[in-house]
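Heads up: the structure comes next, in structure tokens.
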There are 2 protein chains.
Amino acid sequence: MQQSTPLKDRLKSAGLRPTRQRLALGGLLFTGLDRHFTAEQLHVEARRAGFAVSVATVYNTLHQFTRAGLLREVVVDGSKTHFDTNTSNHHHFLFEDGLLVDIAAGQMQLLGLPEAPRGSLVKRVDILVRLAKIEG
Amino acid sequence: MQQSTPLKDRLKSAGLRPTRQRLALGGLLFTGLDRHFTAEQLHVEARRAGFAVSVATVYNTLHQFTRAGLLREVVVDGSKTHFDTNTSNHHHFLFEDGLLVDIAAGQMQLLGLPEAPRGSLVKRVDILVRLAKIEG
DNA sequence: GTGTTTGCAAAGTGTTTGCAATTTA
DNA sequence: TAAATTGCAAACACTTTGCAAACAC
């Protein structure tokens with residue numbers, strides 16, 4: 001992930017006004033490092049960093065960023081929604097404690113994928129490698 | 001999926017008393033055909049079939065069946081939990097309308113899967129092929 | 001009988017929404 | 001100033017829980 005373009009301009013070209021809240025949340029997220037997080041985690045982080053954003057705004061902003069292609073959702077379990085700043089094609093390790101770690105897509109190869117049923121096309125392939133602690 | 005053994009005995013060997021509710025829900029589920037469903041769908045179906053089970057019991061029973069290895073959960077999106085009577089190793093197509101279709105695991109081959117990080121082992125690999133309708 | 005299971009309704013969790021107040025351009 | 005955005009609190013959808021009554025063995 002990289003942000004050669006200033007956040008302000010990235011938001012503008014996504015049709016999003018660079019409001020204080022969006023700049024604050026975006027500033028926390030688009031640091032150049034890939035991150036996985038939930039809405040709640042980001043909300044806590046923002047408040048700790050001194051940004052007073054409401055939960056509703058965090059959710060709205062995350063969805064707007066996702067729609068704009070700045071974020072991706074990662075489905076891991078039925079409870080909280082996880083977001084990922086890495087929007088490129090890749091997959092995940094899921095540790096028992098909920099930690100997500102990227103697996104580069106190029107690293108793996110999937111053979112024998114049946115073709116999409118008539119009338120549909122493959123939009124995305126998500127591979128989730130669930131890990132368990134080794135007992136001992 | 002097969003149930004050579006009577007449901008009553010399958011429940012017993014899973015440590016579950018063969019109560020009226022468990023037998024009713026099990027009877028709907030373990031017909032020999034693989035099914036994908038949510039708790040709500042099963043609840044509706046049970047009531048239509050004339051079995052008066054409560055929502056709480058449907059949830060409890062589904063979790064007990066899952067723990068007993070009679071069912072599997074399929075994570076598809078953040079909202080409802082989906083269950084699958086096919087507990088063998090396999091993957092899924094997900095249609096836009098929420099329909100799940102099995103992909104036999106043997107049909108595909110995943111190459112280059114990185115080894116599990118130190119201290120952990122791969123518990124399961126879930127592959128979800130998200131489909132979109134062809135526009136037109 | 002004794003411990004398990006059920007079912008109701010209430011509580012819980014994560015997320016979304018309605019709308020007045022605020023902010024942006 | 002007009003249109004977009006925010007924030008609160010209430011509403012929501014799905015799921016879990018507490019506990020008394022019902023049931024299985």
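Protein chains get the first letters and strands the later ones, always in sequence-line order, with residue 1 at the start of each. No experiment lies behind these values; they were computed from the predicted model shown.
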Inset, instruction - Remember a base hit wins even if backbone is also touched, and classify B:His63 as base, sugar-phosphate or nothing at under 4.0 Å, heavy atoms. - result: sugar-phosphate
Inset, instruction - Decide yes or no for B:Val129 and B:His92: does some side-chain heavy atom of the first lie under 4.5 Å from some side-chain heavy atom of the second? - result: no
Legend entry - Backbone of B:Thr57 reached by a side-chain donor or acceptor of B:Thr61 within 3.5 Å: yes
Pair up each side-chain donor or acceptor in residues 14-28 of chain A with any protein partner under 3.5 Å, not counting sequence neighbours, and list the distances.
{"unit_1": "A:Thr19", "atom_1": "OG1", "unit_2": "A:Arg22", "atom_2": "N", "d": "3.2"}
{"unit_1": "A:Arg22", "atom_1": "NE", "unit_2": "A:Gln64", "atom_2": "OE1", "d": "3.3"}
{"unit_1": "A:Arg22", "atom_1": "NH1", "unit_2": "A:Arg17", "atom_2": "O", "d": "2.9"}
{"unit_1": "A:Arg22", "atom_1": "NH2", "unit_2": "A:Gln64", "atom_2": "OE1", "d": "3.3"}

Inset, instruction - Enumerate, in order of first residue number, the stems that involve DNA chain D, defined as 3 or more consecutive Watson-Crick or G-U wobble pairs with both distances under 3.5 Å. - result: C:1-25 with D:1-25
Legend entry - Validation row: A:Val125, B:Leu128 side chains within 4.5 angstrom (heavy atoms): no
Inset, instruction - Inspect the surroundings of NZ in A:Lys123 and state if more than 12 heavy atoms from other residues, nucleotides or ligands are less than 6.0 Å away. - result: yes
Inset, instruction - Would you grab the first and last nucleotide of DNA chain D (5' to 3') that comes under 4.0 Å of any non-hydrogen atom in chain A? - result: D:dA3 to D:dC8
Legend entry - Donor-acceptor under 3.5 Å (A:Thr85 side chain, A:Arg35 main chain): yes
Scan nucleotides 9-14 of chain C against the protein and return all N/O pairs shorter than 3.5 Å with their distances rounded to 0.1 Å.
{"unit_1": "C:dG14", "atom_1": "OP1", "unit_2": "A:Lys80", "atom_2": "NZ", "d": "3.3"}

Inset, instruction - With sequence neighbours left out, write down each residue that passes ring pair (Phe, Tyr, Trp, His ring centres under 6.0 Å) with A:His43, or none if nothing qualifies. - result: none
Inset, instruction - Starting at atom CG of A:Leu62, determine the distance to atom C1' of C:dT17, rounded to an integer number of angstrom. - result: 17 Å
Distances under 3.5 Å only, N/O to N/O: pair up the protein atoms with those of nucleotides 22-25 of chain C.
{"unit_1": "C:dT24", "atom_1": "O2", "unit_2": "A:Arg17", "atom_2": "NH1", "d": "3.1"}

Legend entry - Backbone N/O of B:Ala104 and side chain of B:Asp102: donor-acceptor pair under 3.5 Å: no
Legend entry - Residue pair B:Ile103 / B:His90, side-chain heavy-atom distance below 4.5 Å: no
Inset, instruction - Without swapping roles, check the side chain of A:Asn60 against the backbone of A:Ala56 for a donor-acceptor pair under 3.5 Å. - result: yes
Inset, instruction - May I ask you to check if B:Arg72 and B:Phe83 form a cation-pi contact, with NZ or CZ under 6.0 angstrom from the six-membered ring centre and within 45° of the axis? - result: no
Legend entry - Of A:Thr57 and B:Thr38, the one whose closest DNA chain D nucleotide lies more 5': A:Thr57
Legend entry - Any side-chain heavy-atom pair of A:Asp84 and A:Leu71 under 4.5 Å: no
Legend entry - Heavy-atom check, side chain of A:Leu62 versus side chain of A:Leu42, under 4.5 Å: yes
